Amino acid sequence: QAEIRLAEYKPPVFLVDTVELDFDIRDDRTRVSSRLAIRRNPESAERNAPLVLNGQGQKLVAVRVDGRELAAGDYVLTDKTLTIRAVPDEGVVAIESDNDPAANTALMGLYAAGPMLCTQCEAEGFRRITYFPDRPDVQSRYRVAIHADEDRYPVLLANGNLVENGKEAGGRHYAVWEDPFRKPCYLFALVAGRLDKVADRFLTRSGREVLLEIYTEPGRSSETGFAMAALKKAMRWDEERFGREYDLDRFMIVAVSFFNFGAMENKGLNIFNDARVLGRADTATDADIAFFERVVGHEYFHNWSGDRVTCRDWFQITLKEGLTVFREQEFVGDMNSPAQERLRTVSVLRRVQFPEDAGAMAHPIRPASYQAVENFYTATVYSKGAEVIRMIQTLVGREGFRKGLDLYFERHDGHSATCEDFVRAMADANAIDLGQFMRWYAQAGTPVLDVTSRYDADSRAYTLEVEQRCPATPGQDTKEPFHMPLRLGLLDARGGDMKGDMVLKLRRPRETFVIEDVPEKPIPSLLRDFSAPVRLNYDYTDAELLVILAHDSDGFNRWDAGQKLFAKYALSGEALPDAFVTALRTVLMDKDLEAGTKAMTLTLPGEEELGLALIARGERIDPVAVCEKRRRVIKALAGALSGELWATYREIAAGLDEEASDGVARGQRSLKNLCLAYLHRAEPGKVAPVAARVVSGARNMTDKIACLDILVDGDAALAARALAEFAETFAGQPSIMDKWLGVQAAERHAGVLEKVRRLMAHKAFSLNNPNRVAALVGVFAGNPFGFHAEDGSGYRFVADVVERLDRLNPQAAARYAKPFLRWRDFDAGRQALMQEALRKLAALESLSINVREVVTKALG
Ligand code: B3K
Ligand code: ZN
């Protein structure tokens with residue numbers, strides 16, 4: 001399989017100005033008829049090239065050019081393309097083909113999602129619906145007619161405005177939708193089915209009324225409340241913060257139960273994985289509920305950063321995704337707690353993106369090549385991409401950033417753009433040079449900053465030496481230095497800020513900064529707010545970290561000081577010093593601190609992060625040992641703070657409304673459940689009965705699941721009973737049963753594989769549904785006792801699932817091949833076993849490009 005390269009980009013040979021689509025939905029097939037108004041692209045250098053349309057997985061019925069039906073000899077059809085040589089420079093190409101949505105298990109293109117039909121076209125799904133130049137730099141106006149049986153498909157939706165509908169013979173009906181905005185085909189969407197609906201209205205700041213609708217499978221409309229509230233907040237926020245107003249008369253969200261990822265920003269018709277949009281406090285956890293606001297906001301913000309201005313090609317995914325994740329983070333912060341949102345963002349980045357950036361498929365936020373584009377919807381493109389946008393904001397300031405964004409939208413509205421276009425708008429609006437900054441788009445790997453300092457009491461000068469380096473990544477042995485902001489402050493011995501917030505601009509491999517007039521030897525508070533996505537080394541003493549933890553004005557560094565100390569004690573096995581325990585007690589008992597922030601401060605770095613810390617020291621990871629080291633610290637801490645943890649638990653439990661799931665309630669609940677989980681390490685006999693009562697008595701799903709987790713982690717008899725009761729209660733609700741699967745797949749005990757194997761045969765599981773697979777296999781793949789079992793059984797199991805899943809859904813299968821990319825990080829025994837599993841996969845003859853790319857790059 002050949003790599004597709006950014007450097008080989010060529011403009012499209014033909015453009016398509018308008019698209020008329022007609023969907024005739026029947027029980028056994030859907031016939032799609034298109035009329036494409038094509039014209040040669042004046043920007044293309046290939047003056048005589050034929051018209052090449054992408055297309056796969058459908059049956060071609062007829063092709064017409066300007067009304068004349070072509071004979072089989074007039075075109076060339078392969079399993080990927082339809083090539084027509086005899087085309088006018090401008091004309092109408094009409095094509096008919098048949099889709100089989102019921103047989104579409106890949107969930108790309110037009111497919112049956114339980115009782116309804118829906119589409120997913122990003123990145124290259126439209127070509128599975130009809131023959132088309134399926135690339136984002138071809139933008140067209142769409143008119144879409146849908147015909148179907150009225151009883152089975154009473155609701156017929158597509159992008160834009162409903163312009164016509166009515167009855168047809170034989171109990172059928174039709175609807176016609178028109179989207180006034182030009183769009184690339186990956187933003188096309190269609191939904192047909194029997195759906196419930198909740199409607200609301202929104203008045204834009206210029207006084208236009210927008211109809212808001214959320215559609216669900218029958219019986220679930222009472223779970224749309226959070227999403228509708230979030231949508232209205234997002235629409236208002238984008239007007240206020242970025243001056244972006246909604247542009248159609250209608251905005252629709254459809255929740256579907258079969259979906260490959262979180263959601264999709266189709267113009268005016270967002271389609272969501274139901275797990276990311278539906279739920280109440282009694283059916284979804286707080287973590288789920290927090291996602292509703294985040295993802296609804298994210299998809300809505302794409303209306304500008306993605307839809308109005310889209311990407312020239314699929315190398316530029318970060319242009320829309322990095323920017324939209326950044327906008328989403330700012331939104332979630334503003335709606336809740338900016339400080340907590342920052343902690344969450346950085347911990348996700350470190351847990352998920354840092355390992356990716358150190359693995360066998362490490363790539364820059366704009367990859368230079370790929371085999372299967374779907375493999376590049378990654379934490380790097382999304383989360384590191386958002387950090388890169390955030391660095392621009394730090395360099396030019398919030399106002400400058402707004403000016404740059406306005407200029408970007410003004411210049412590129414209605415067009416496809418590149419990352420250069422975005423950075424150029426930022427540079428032009430602020431008259432700064434971002435040439436060196438572009439390296440963030442081209443170089444992979446997490447840069448490392450090594451910082452040393454000295455203070456001269458006589459001259460009161462403080463000198464910082466900052467060295468930057470970036471580890472080699474596949475295909476990039478050496479790196480050029482990055483341009484990045486290093487935010488910092490200088491604390492006095494009691495933690496007071498001596499100089500306020502400063503931003504140093506790094507550009508060279510080694511730089512010296514002298515800060516004058518520093519009254520005493522400072523404790524540097526470095527990388528405040530995590531101003532750049534790097535690892536920073538500075539030789540702090542524990543005492544200095546304790547001062548930062550207790551007093552720094554920067555919330556991020558307060559938290560991070562605690563994380564550093566936790567990591568140190570976990571990995572060294574040293575006992576927790578009294579001073580640290582005292583500092584944590586102070587945090588826990590602080591009357592002014594938000595509960596959510598307390599919970600985050602008391603949470604140890606995850607197993608992934610501790611593993612990475614070992615790698616940074618040149619060691620290999622034994623994931624089971626890392627899990628145990630982490631547990632030891634929790635146990636020690638819980639023993640030392642038992643009284644305070646119980647007091648906190650009881651106080652919150654007594655006052656917290658089970659039905660409340662706003663940001664504050666979520667924070668309180670997370671602290672309460674953290675207290676209980678910690679106490680369970682130290683006093684299992686006392687905690688288990690409490691947890692068992694919650695699982696059967698509570699109505700709040702977060703509490704139920706948190707306590708089920710505790711039981712599964714400990715008392716086998718209580719756990720078995722609680723699991724059985726839970727399964728009986730929620731048997732008919734697949735999204736709740738996913739949590740039940742997940743709790744069991746997360747059990748950190750040897751022998752978890754046997755349980756997971758049995759659950760694969762449970763009626764709550766299905767390999768056809770991505771949410772079920774994520775709940776069981778995805779969670780298992782992150783379980784050190786499961787995936788990393790010393791005998792290799794976990795590796796063999798996951799590889800086996802990859803093989804089977806690949807025949808149904810290659811995109812999903814590739815996701816579960818990715819954990820193998822990191823085999824070099826583990827101890828020698830595990831390395832060998834992981835490679836063995838990879839080689840077995842590589843030897844398979846029929847493997848999708850998606851999985852093949854991951855497997856070959858892992859072994860490469
Ligand atoms: N743009 C979609 C993701 C599409 C993934 C394609 N494999 C959702 C989002 O990021 O908003
Ligand atoms: Zn997105």
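Nothing here was measured: the structure is a model prediction, and the numbers come from that model. In each ligand, atom 1 is the first atom listed, and ligand 1 is the first ligand listed.
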**Q.** Proximal ligand 1 atoms for Q811, defined as those under 4.0 Å from one of its heavy atoms
**A.** 7 (N)

**Q.** Heavy atom of the protein closest to atom 8 (C) of ligand 1 (residue, atom name, distance)
**A.** A263 O, 2.9 Å

Q: Compute the shortest N/O to N/O distance between Y377 and ligand 1 and return yes if it is under 3.5 Å, no if not.
A: no

Q: Indicate whether the side chain of D334 and that of W237 have a donor and an acceptor atom separated by less than 3.5 Å.
A: yes

Q. Which residue and non-hydrogen atom of the protein lie closest to atom 3 (C) of ligand 1, and at what distance in Å?
A. Y382 OH, 3.5 Å

Q. Are E265 and K320 ion-paired here, with the side-chain N under 4.0 Å from a carboxylate O?
A. yes

Q: For side chain to side chain contact (heavy atoms under 4.5 Å, CB included), just list the numbers for R366 and M438, CA-CA rounded to whole Å, side-chain angles, deciding distance to a tenth of an Å, and then say yes or no.
A: CA-CA 10 Å; R366 178 171 62 185; M438 284 307 295; 4.2 Å; yes

Q) With a 4.5 Å heavy-atom cut-off, do F23 and L117 have their side chains touching? A) no

**Q.** Atom indices of ligand 1, in the order listed, that fall short of 4.0 Å to a heavy atom of K320
**A.** 1 (N)

(Q) Show the atoms of ligand 1 that are less than 4.0 angstrom away from any heavy atom in H302. (A) 9 (C), 10 (O), 11 (O)

Q) Under 4.0 Å from ligand 1, counting heavy atoms only, is it the side chain of E122, its backbone, both or neither? A) both

Q | Distance-only donor-acceptor check, side chains E245 and T204, under 3.5 Å | A | yes

Q.
Can you tell me which N/O/S atom of E321 has the shortest distance to the Zn ion (ligand 2)?
A. OE1

Q) Is K384 salt-bridged to E387, cutoff N-O under 4.0 Å? A) no

Q: Below 4.0 angstrom from a heavy atom of M264, which ligand 1 atoms are there? Numbered from 1 as shown, please.
A: 1 (N), 2 (C)

Q.
Show me which atoms of ligand 1 lie under 4.0 Å from any heavy atom of E299.
A. 8 (C), 9 (C), 11 (O)

Q. Quick check, are the ring centers of F251 and Y246 under 6.0 angstrom apart?
A. yes

Q: Using a strict cut-off of 4.0 Å, indicate which atoms of ligand 1 neighbour a heavy atom of E265.
A: 1 (N), 2 (C), 8 (C), 9 (C), 11 (O)

(Q) I'd like to know if the side chain of D421 pairs up with that of T418 as donor and acceptor (distance under 3.5 Å, no hydrogens or angles considered). (A) yes

(Q) Looking only at protein heavy atoms, which one is nearest to atom 7 (N) of ligand 1, and what is the separation? (A) E374 OE1, 2.3 Å

